[in-house]
> 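First, the structure itself, so that you have it in front of you.
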There are 2 protein chains.
Amino acid sequence: MATMKDISKKANVSLSTVSAVINQSAYVSPALTNRVMQAIKELNYKPNAVARSLKKKRTNTVGVIVSNLSNPFYPPLIEGIEDVSFNNNFNVILCNVSNGHKKILTYLELMLEKQVDGLLLANIANSEDLNEVEKSGLKYVLINRKPSFYDKNFVGVNNPLSSELAVNHLVRQGYKRIAFLGGDLGINTARERKAGFMSCMTLNGLDIDPMLIFDGEYSLESGYTNVKKMIEQVEVLPEAICTASDIIAFGVIKGLRDSGIRVPEDISVIGNDNNSFSENFLVPLSSIDHSTYDMGKISMEFLLEMIKEKDETRARQIILTPSLVVRESCGYKKNKIDKLY
Amino acid sequence: MATMKDISKKANVSLSTVSAVINQSAYVSPALTNRVMQAIKELNYKPNAVARSLKKKRTNTVGVIVSNLSNPFYPPLIEGIEDVSFNNNFNVILCNVSNGHKKILTYLELMLEKQVDGLLLANIANSEDLNEVEKSGLKYVLINRKPSFYDKNFVGVNNPLSSELAVNHLVRQGYKRIAFLGGDLGINTARERKAGFMSCMTLNGLDIDPMLIFDGEYSLESGYTNVKKMIEQVEVLPEAICTASDIIAFGVIKGLRDSGIRVPEDISVIGNDNNSFSENFLVPLSSIDHSTYDMGKISMEFLLEMIKEKDETRARQIILTPSLVVRESCGYKKNKIDKLY
DNA sequence: GTGAAAGCGCTAACAC
DNA sequence: GTGTTAGCGCTTTCAC
């Protein structure tokens, strides 16, 4: 690999002149510029980013920590992150921590050693982990989940609103007896989505039957077992089921099918977060879109801003607005009243 | 950030002693070792990987170039790659080139500048691009796709066999009139899967109706339009459709449904590559599993081996064996003859 | 405008 | 065994 030194020799100029033309950091006479360019061409010179990073204390690299790549939530998120990175000459180091607390810490250390300029943490909201991140002094932004009372560097979605959109859709379809199958209340998104459901039911003047409210996890299994439990325990089944995530809805639909209950003919089901599986799920799932690609894009833009400003950027939260996606799982029919909204 | 120099001062030893204890590269007396360790703790010292890389000309970083993260093929592949990387103290720079020829070249340049130790190229088999990779002098391994006559650094699956597994399954279900909806014959996997289909049909003594053979693309749209074409053109529909990929099968099933044809009641459909959507697709799709996670794992292990051996590793191809996954799209019923195999 | 030189943080010869 | 030193490839004062 040719180095700047080689170029300077070949072009018969000093190192700093070479640097100046490469970085356009100072005026260099056309004659010299040409000679340098020529030499670069001939020797097929490529700047060594490692050396540059060492000197500039900037690597143009960010770490992206995700909890489980196979979760369909991530691909669009990462695409958003990657697009912005690419356009800004940044690279993304992917850290898949598959819910391993220890792996997070190891990765954090590694990122520190590699001198990344910043960190993106998707769905990593354990305050213990976050403490470590804070201690590291790295710039970072949280994506999607956050600890209670956390009030900075965050990009997420309006979770209460997402549930409201779901409930209102169900109500417009004429359903009154509506169940809610939620996630882990240790996670802010699950709390907020549940709260949104509750308040929107009330707003619509609808009763909330405690027998129809379940907490659980963001997993297919959770939706499955909870809906089975509901079928078993409840005297009269709900007309519709509102869930805290598509993946829960998947479990719900599987559970209902197993019990010979059809969706949407017998019971309607709506998801929340519109993942890429939903369009073609056993029953195309109506859901609430969280514009995950944009979430990635905006997070990375946010982080870049923090990296570029030397003085502390003031804390900020960016809350995206979700939107309803109507498919088949709520018995939507064309020309129905929903059209009016 | 504390540096080795700080440590050496604090511990009152020389730089090389510090380096020796950190890298365990030479014997250091317990007394000094202790003092150094102590200082490292107190100053919360972390080695600077950038400086180390500059010196050692090794970054412990590989670039992974994929064509489109949202393709469900990638997440498990990348998880496999990432797991091996992590266990070997390597980092993965993710390059999502979304089929952009120019983006590949730019990324290649970037990876070169960042001094990555190697490259993993998934489904990048354009020989023009590959030439550039070769020219770069970087170590690399190709994943899944390769140019014709390419005979080194490759990890893929036995494509002809994958089709044979599919055809044999169909045949065991009693189907004789079988269609094939393939991919782009410019891609080796598509050619090989088609060839596997043809030969296996012949082996089974079955006629191949040219009207039932379609080439296309690895996309839902391709499956959709081709099956529509088939429905329109053909006098008597096939009993089963063999496809070159799950994503094509998805399009096929959608197209059939649109035409009021049920799967598997009227026509059976089998996929090929068993992506993560397939289990829960409109109709749970029978498919051929390519063990994509292992593919990622093995590729990265392969690359690491190449990186670690200074002398050229002899070229090698690793071809994984696919396996049948039976779900519902071929009308599989428990206790049917298939059980015997 | 151009060049010389110091130094980023680390490793590895080579003395001692 | 331990310390001194040169140098990885680059950027950036600071003279000229």
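Residue numbering restarts at 1 for every chain, and letters A, B, ... go by the order of the sequence lines. Note that the structure is predicted; figures quoted are calculated from it, not measured.
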> Regarding B:Thr17 and B:Ser14, do their side chains bring together a donor and an acceptor under 3.5 Å, going by distance alone?
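There is such a pair (donor and acceptor under 3.5 Å, judged by atom type) between the side chains of B:Thr17 and B:Ser14.
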
> Could you check whether any side-chain heavy atom of A:Val62 comes within less than 4.5 Å of a side-chain heavy atom of A:Ile307, counting everything from C-beta outward?
yes

> Among residues two or more places apart or on two chains, list those pairs meeting side-chain hydrogen bond (donor to acceptor under 3.5 Å, both in side chains) that have a residue in residues 26-39 of chain A.
A:Gln38-A:Glu42

> Could you tell me whether B:Asp117 and B:Lys308 make a salt bridge, using a distance below 4.0 angstrom between a side-chain N and a carboxylate O?
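No, no charged N to carboxylate O under 4.0 Å.
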
> Where do B:Val155 and B:Ser299 come nearest, in terms of heavy atoms and distance?
CB-OG, 3.7 Å

> If you look only at pairs with a residue in residues 141-156 of chain B, which of them pass as a side-chain hydrogen bond (donor to acceptor under 3.5 Å, both in side chains), with sequence neighbours excluded?
B:Asn123-B:Asn144, B:Glu134-B:Lys152, B:Tyr140-B:Tyr150, B:Ser148-B:Arg191

> Where do B:Ile81 and B:Met300 come nearest, in terms of heavy atoms and distance?
O-CG, 3.7 Å

> Of all heavy-atom pairs between B:Met306 and B:Lys139, which one has the smallest distance, and what is that distance?
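Heavy atoms only, the tightest pair is O-NZ, 2.9 Å.
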
> Between D:dC8 atom P and B:Asn48 atom CG, what is the distance in whole Å?
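Going from B:Asn48 (CG) to D:dC8 (P), I get 18 Å.
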
> Could you tell me from which nucleotide to which nucleotide of DNA chain C, 5' to 3', there is an atom under 4.0 Å from chain A heavy atoms?
C:dG1 to C:dG9

> Which residues in residues 18-40 of chain A have a heavy atom closer than 4.0 Å to any atom of DNA chain C?
A:Tyr27, A:Val28, A:Ser29, A:Leu32

> Which heavy atom in A:Arg58 sits nearest to a heavy atom in A:Ser53, and how many Å separate them?
O-OG, 3.1 Å

> Which residues in residues 8-17 of chain B have at least one heavy atom lying under 4.0 Å from any atom of DNA chain C?
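Those residues whose heavy atoms fall under 4.0 Å from DNA chain C, taken from residues 8-17 of chain B in numerical order, are B:Ser16.
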
> To the nearest 0.5 Å, tell me how far A:Thr61 OG1 sits from A:Gln115 CD.
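Those atoms lie 10.5 Å apart.
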
> Which pair of non-hydrogen atoms, one from B:Asn68 and one from B:Tyr74, has the smallest distance, and what is that distance?
O-CD1, 3.1 Å

> At a heavy-atom distance below 4.0 Å, what parts of residues 54-63 of chain B sit against DNA chain D?
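Within residues 54-63 of chain B, the residues near DNA chain D are B:Leu54, B:Lys55, B:Lys57.
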
> If you take all heavy atoms of A:Leu304 and A:Val84, which pair is closest and at what distance?
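Heavy-atom minimum between the residues: CD1-CG1, 3.8 Å.
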
